[in-house]
2 protein chains.
Amino acid sequence: MSADGTGRTVARARTGVTLSDVAREAGVSLATASRAINGSIDRTVRADLKERVLAAAARLHYSPDANAQAMARGRTATIGLIVHDIADPYFSSIAAGVTGAADEAGCAVTLANTHHDPRRELEFVQTLQNQRARAIILAGGRRDDAEGNEQLRAALENYQERGGTVAMIGQPILGVSTVRPDNRGGGGALADALHELGYRDVAILAGPPGHLTARERATGFRDAMAVSGTEILPDAVVPSEFTRDGGYAAMRTLIDARRVPELVFAVNDVMAVGAMSAARDAGLDVPGQVAFAGFDDIATLRDVAPALTTVRLPLEEIGRLATPLALEPAAEPREITVTGDVVVRESTPRR
Amino acid sequence: MSADGTGRTVARARTGVTLSDVAREAGVSLATASRAINGSIDRTVRADLKERVLAAAARLHYSPDANAQAMARGRTATIGLIVHDIADPYFSSIAAGVTGAADEAGCAVTLANTHHDPRRELEFVQTLQNQRARAIILAGGRRDDAEGNEQLRAALENYQERGGTVAMIGQPILGVSTVRPDNRGGGGALADALHELGYRDVAILAGPPGHLTARERATGFRDAMAVSGTEILPDAVVPSEFTRDGGYAAMRTLIDARRVPELVFAVNDVMAVGAMSAARDAGLDVPGQVAFAGFDDIATLRDVAPALTTVRLPLEEIGRLATPLALEPAAEPREITVTGDVVVRESTPRR
DNA sequence: CTGTTAGCGCATTCAA
DNA sequence: TTGAATGCGCTAACAG
């Protein structure tokens, strides 16, 4: 292993092999070693020297120190991904897209899980700024909270002034490039499809009052229904958490109040499947007595029965799209709108 | 904003505010500023000075450079998490556990998604080593691949020689601390429960031949059945991918061969739900004509119907457990065995 | 308790 | 093309 036979190689391994070790082993200068291993942009290294350096690096198991490189170069190859809940299939699919695209861009991904807590979100922006992450992707719908949004906007502003770039998946309200699912349009298209199938008596599991994604979907749905001549009364709009348990609880509320409609639209799929469970647990026939529709088309939906009608969002693709958006600095915030396709399945048979 | 009224504060913000800027602004030395902001272990700073430094830091929007800190301290606060597929609920739950525990330990998490490719796994170990990640958590079952395991073991060995620490979630075969789900025992307990329910005619969707987790679960199940007097013939053991689609395809195979048994045990839940879908798609009554059991108790299982019998593994907890295991260097590799609880549900009614 | 100074490992300037 | 020297921002000896 050791070229000089002193066994120094092994000893050094304990301490950490630096670029100067490699340079010495190869009999070149530090600068040359750096250029050989990196292929510096302007300079080029003679082939034989380069080979010698590479061989030495391999021999010594040289591992370039990314932190040192970050300092010297003034930038990292790290993307920060902030999600509300990584265990939620919506976000884990997006994360799969981001890690895939980041990989291809030669970037590592730092994952931050806020558990739906805006304060953690703010903290993570700070952490990622400390890390000097090159870019931040903020995934998940915003809230109708002027103060909270302003704080976050300020934090991102500050981050960007320091050279970081940002993309958002959700609503374009933070002054950064955004991948925007067309929630309103999707909700509307879904309503049209369901109206056409004969549904008139419908309730909405509407998510948290201030949650913009929830609101957009509910509003789009409700407005389209109204256009078709079906008013959805405030009474039939049930607020809830944006989670599976939220859907379950909201459905429970309807059942307990004996206000079970023909159709329940939950503003996302995890809520919808939770609600379906609540209906089943209450002994209701699904979709015979009550039909269900959701939004997102999360992967796990493939195996729920009856198959859930929903609006398909290409979640992994959304994650992929957000990555270059985050990486490439743009003079103006850009916006990519992703439309969803209505997918009618067994949970909403023709009435 | 700027204390001296020169507007320098803003100008500096573009360039990056360093600790010396803070020190100067506070009228103290670099060292004092460092100690004040960090609360160095041995030294302590006079209260009023500390306050002045903190105020200056806030005024300048100082953000400590984690890379520089890493260099100076000789270690980072980063944990690398390597998973096979972050979009798989099994891994996303583990990831939730890891991010939670890492957070509490003041560590950031770098997420690496291998897509089940052992080569990527190896590459990611290298990347994390370059990052000087303090610890690596390797989640996911190992393969029966001597050469592959040896390469990985060597890479981890090297990483550890450089001061990194490692934990594994899966099989303790890499010489590192491991959280080991008791797959064999779980499979056995499941078989006992199902045998007691009257099942005799059973097939196993066994996963990939070399996949240790799959093998342990299948073997545990099969052996226990044998002890109870029910032999499962090799014919009834169908290999497959370890994924939802793998389960679907394997079930399809059984159906096409007209070898549908009373009970199908799939070695993980995603395979089981895929298989259930295949059965339903083929018009079979579940569980009337064919019953199903899985393994893991992934979160999304709560909403599949009929509810799936399985072996519950506390996935998020497993992620949490792995974190200190990875963080605390141990003279000897440690091992935490996690046993699963059999949960009998509607997918396997008494026969 | 505070300040001065020497690196940490690397990329990159400037000279040769 | 190569090498010597500088500095990235910070912590930790060391000295006062």
Side-chain angles (χ1 to χ4, degrees), chain A residues 12-53 56-57 60-77 129-134 162-163, chain B residues 12-53 56-57 60-77 129-134 162-163:
Chain A
R12 287 227 168 258
R14 287 220 135 277
T15 317
V17 180
T18 73
L19 191 54
S20 2
D21 295 326
V22 174
R24 195 178 321 127
E25 173 92 6
V28 300
S29 76
L30 184 60
T32 299
S34 173
R35 300 195 265 249
I37 287 184
N38 247 283
S40 160
I41 313 190
D42 44 346
R43 313 309 239 221
T44 159
V45 176
R46 223 173 52 210
D48 60 322
L49 275 191
K50 178 165 183 175
E51 204 166 318
R52 242 162 60 200
V53 172
L60 299 181
H61 297 297
Y62 170 67
S63 154
D65 185 324
N67 297 295
Q69 292 183 317
M71 278 202 61
R73 294 207 250 247
R75 72 198 146 74
T76 62
Q129 166 147 187
N130 295 351
Q131 232 109 262
R132 301 297 186 262
R134 179 188 299 188
R162 253 79 158 189
Chain B
R12 287 228 167 259
R14 291 221 132 272
T15 318
V17 180
T18 74
L19 190 55
S20 0
D21 295 326
V22 175
R24 192 178 326 128
E25 173 93 6
V28 300
S29 76
L30 183 60
T32 299
S34 173
R35 297 195 268 251
I37 287 184
N38 246 286
S40 159
I41 313 192
D42 44 345
R43 312 311 237 223
T44 158
V45 176
R46 222 173 54 211
D48 61 322
L49 275 192
K50 179 165 180 173
E51 204 167 318
R52 242 164 57 202
V53 172
L60 299 182
H61 296 299
Y62 171 67
S63 153
D65 185 324
N67 297 295
Q69 291 182 316
M71 280 202 59
R73 295 207 250 245
R75 73 198 145 73
T76 62
Q129 167 149 181
N130 294 351
Q131 233 109 260
R132 300 298 185 262
R134 179 189 298 189
R162 252 80 157 190

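Labels below follow one simple rule: chain letters A, B, ... track the order of the sequence lines, proteins then strands, and each chain is numbered from 1.
- Among the nucleotides D:dA12, C:dT2, D:dC10, the one closest to the side chain of B:V45 is C:dT2.
- The nearest whole Å value for the distance from the CG atom in B:D48 to the P atom in C:dT2 is 7 Å.
- Not counting sequence neighbours, A:A72 has no partner by the side-chain contact (heavy atoms from CB on, under 4.5 Å) test.
- Nearest-nucleotide positions on DNA chain D place A:R46 closer to the 5' end than the other of A:L30 and A:R46.
- The base of D:dG9 has none of its N or O atoms less than 3.5 Å from a complementary donor or acceptor on the side chain of A:R132.
- A:S63 pairs by the side-chain contact (heavy atoms from CB on, under 4.5 Å) definition with B:Q126, B:Q129, B:N130, B:R132, not counting sequence neighbours.
- At C:dC1, one or more side-chain N or O atoms of B:T44 fall inside 4.0 Å of OP1 or OP2 (strictly under the cut-off).
- At whole-Å resolution of the value, CZ in B:R24 and P in C:dT4 are 13 Å apart.
- For B:Q131 and C:dG9, the CD to P distance is 17 Å, given to the nearest whole Å.
- Remark: B:A133 engages B:T78, B:L128, B:Y159 in a side-chain contact (heavy atoms from CB on, under 4.5 Å) (not counting sequence neighbours).
- Every residue two or more places apart in sequence or in another chain was checked for a side chain to side chain donor-acceptor pair (under 3.5 Å) with A:T76, and none qualifies.
- Checking C:dG3, C:dA11, D:dT2 against the side-chain heavy atoms of B:T32 singles out C:dG3 as nearest.
- Rounded to whole angstrom, the span from the CZ atom of A:R35 across to the P atom of C:dT13 amounts to 10 Å.
- A straight line from CG of B:N38 to P of D:dC10 spans 10 Å, rounded to a whole angstrom.
- Rounded to an integer number of Å, the gap from NZ of B:K50 to C1' of C:dT2 is 15 Å.
- Rotation axes derived from the C1' atoms of the five outermost pairs at either end of the helix from C:dC1-D:dG16 to C:dA16-D:dT1 lie 40° apart, to the nearest 10°.
- Contact check of residues 66-73 of chain A against DNA chain D (heavy atom, cut-off under 4.0 Å) returns A:M71, A:A72.
- For the side chain to side chain donor-acceptor pair (under 3.5 Å) test, residues two or more places apart in sequence or in another chain that qualify with B:R46 are B:D48.
- Checking B:A47 against A:S20, the closest nucleotide of DNA chain C that is more toward the 5' end is the one next to B:A47.
- Using a distance-only test at 3.5 Å, with no hydrogens or angles considered, a donor-acceptor pair links the side chain of A:N67 to the main chain of B:Q131.
- The side chain of A:V28 has D:dG3 as its nearest neighbour among D:dG3, D:dC10, D:dT11.
- Atom-to-atom, CZ of A:R75 to C1' of D:dC8 comes out at 14 Å; the value is rounded to the nearest Å.
- Within the structure, a side-chain polar atom (N or O) of B:S29 is placed less than 4.0 Å from OP1 or OP2 of C:dG3.
- Atom CG in B:L19 sits roughly 14 Å away from atom C1' in C:dT4 (whole-Å rounding).
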Report task. Test B:K50 against B:T44 for side chain to side chain contact (heavy atoms under 4.5 Å, CB included), laying out the working first. Result -> CA-CA 9 Å; B:K50 179 165 180 173; B:T44 158; over 6 Å; no

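- Partner A:V28 forms a side-chain contact (heavy atoms from CB on, under 4.5 Å) with one of A:V45, A:V22, A:L49 and no other, that one being A:L49.
- Among the nucleotides D:dT11, C:dG9, D:dG9, the one closest to the side chain of B:T18 is D:dG9.
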